[in-house]
Amino acid sequence: MANQKQDTPLVVFSHIPLYDLYPKWGWATADSAKLLSLLSRFASVTVLTGHIHQVIEHSEGNIRFHTAAATAYPLPAPGHGDQPSPVKLPENNLLAVLGFRTVEVISGKDTRVDQYALG
């Protein structure tokens, strides 16, 4: 039993990404390797993070990472610019990059994450 993965889907909420998305801008967590090792015993792990104000999806084994669009102002893609400063957009394009995500547990075994724009 010790080597079997637990079937219960797990959803983790974190402000900063739990993998090294872009450490130069602080888009990483120093102790994430330890946490991800603990999470590896679950068959389905969904990690939702904010902080970077854009939609990025990433997977490592059984762990799927989802960031969310900004609800206030967008930031540049990792490495585009010297720092993560707010991106100025034309007024008619702002609502298309602002948004939120939802998470739904499917059949008690997995999760579905959807992204919604405000405009």
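- Here the shortest heavy-atom pairing between L18 and S32 reads O-CB, 3.0 Å.
- In terms of heavy-atom proximity, A28 sits nearest to D20 at CB-OD1, 3.2 Å.
- Residues P84 and H53 have side chains not in contact (no heavy-atom distance under 4.5 Å, counting atoms from C-beta outward).
- Note on Y19 and L35: same hydrophobic cluster, where clusters join Ile, Leu, Val, Met, Phe, Trp and Tyr whose side-chain heavy atoms are under 4.5 Å apart, directly or indirectly.
- Residues F42 and V12 have side chains not in contact (no heavy-atom distance under 4.5 Å, counting atoms from C-beta outward).
- Between P78 and W27, the shortest heavy-atom distance links the atoms CG-CZ3, 3.7 Å.
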Using distance only, find each side-chain donor-acceptor pair of residues 111-119 under 3.5 Å and give its atom names and separation, not counting sequence neighbours.
residue: T111; atom: OG1; partner: T46; partner atom: OG1; Å: 2.4
residue: T111; atom: OG1; partner: R64; partner atom: NH2; Å: 2.7
residue: R112; atom: NE; partner: D114; partner atom: OD2; Å: 3.2
residue: R112; atom: NH2; partner: E104; partner atom: OE1; Å: 2.7
residue: Q115; atom: OE1; partner: R101; partner atom: NE; Å: 3.1

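- Follow the hydrophobic side-chain contacts under 4.5 Å out from L95 and you reach F100 in the same cluster.
- Rounded to the nearest 0.5 Å, atoms NE2 (H80) and CG (L75) are 13.5 Å apart.
- Side-chain contact check for L36 versus F65: some heavy-atom pair is nearer than 4.5 Å.
- Side-chain contact between H58 and L21: absent, with no pair of heavy atoms (C-beta onward) separated by less than 4.5 Å.
- S44 OG to L39 CG: the interatomic distance, rounded to the nearest 0.5 Å, is 11.0 Å.
- The OG1 atom of T67 sits 9.5 Å away from the CG atom of L48 when rounded to the nearest 0.5 Å.
- When all heavy atoms of P74 and V97 are compared, the closest pair comes out as CG-CG2, 3.9 Å.
- A donor-acceptor distance shorter than 3.5 angstrom exists from the side chain of S14 to the backbone of I16, with no hydrogens or angles considered.
- The backbone N or O of P76 sits less than 3.5 Å from a side-chain atom of Q54, completing a donor-acceptor pair.
- Taken to the nearest 0.5 Å, the CG atom of L98 stands 11.5 Å off from the OH atom of Y73.
- Within 6.0 Å of NE2 on H15 lie more than 12 heavy atoms contributed by other residues, nucleotides or ligands.
- Side-chain atoms of I56 and P17, non-hydrogen and from C-beta on, never get closer than 4.5 Å to each other.
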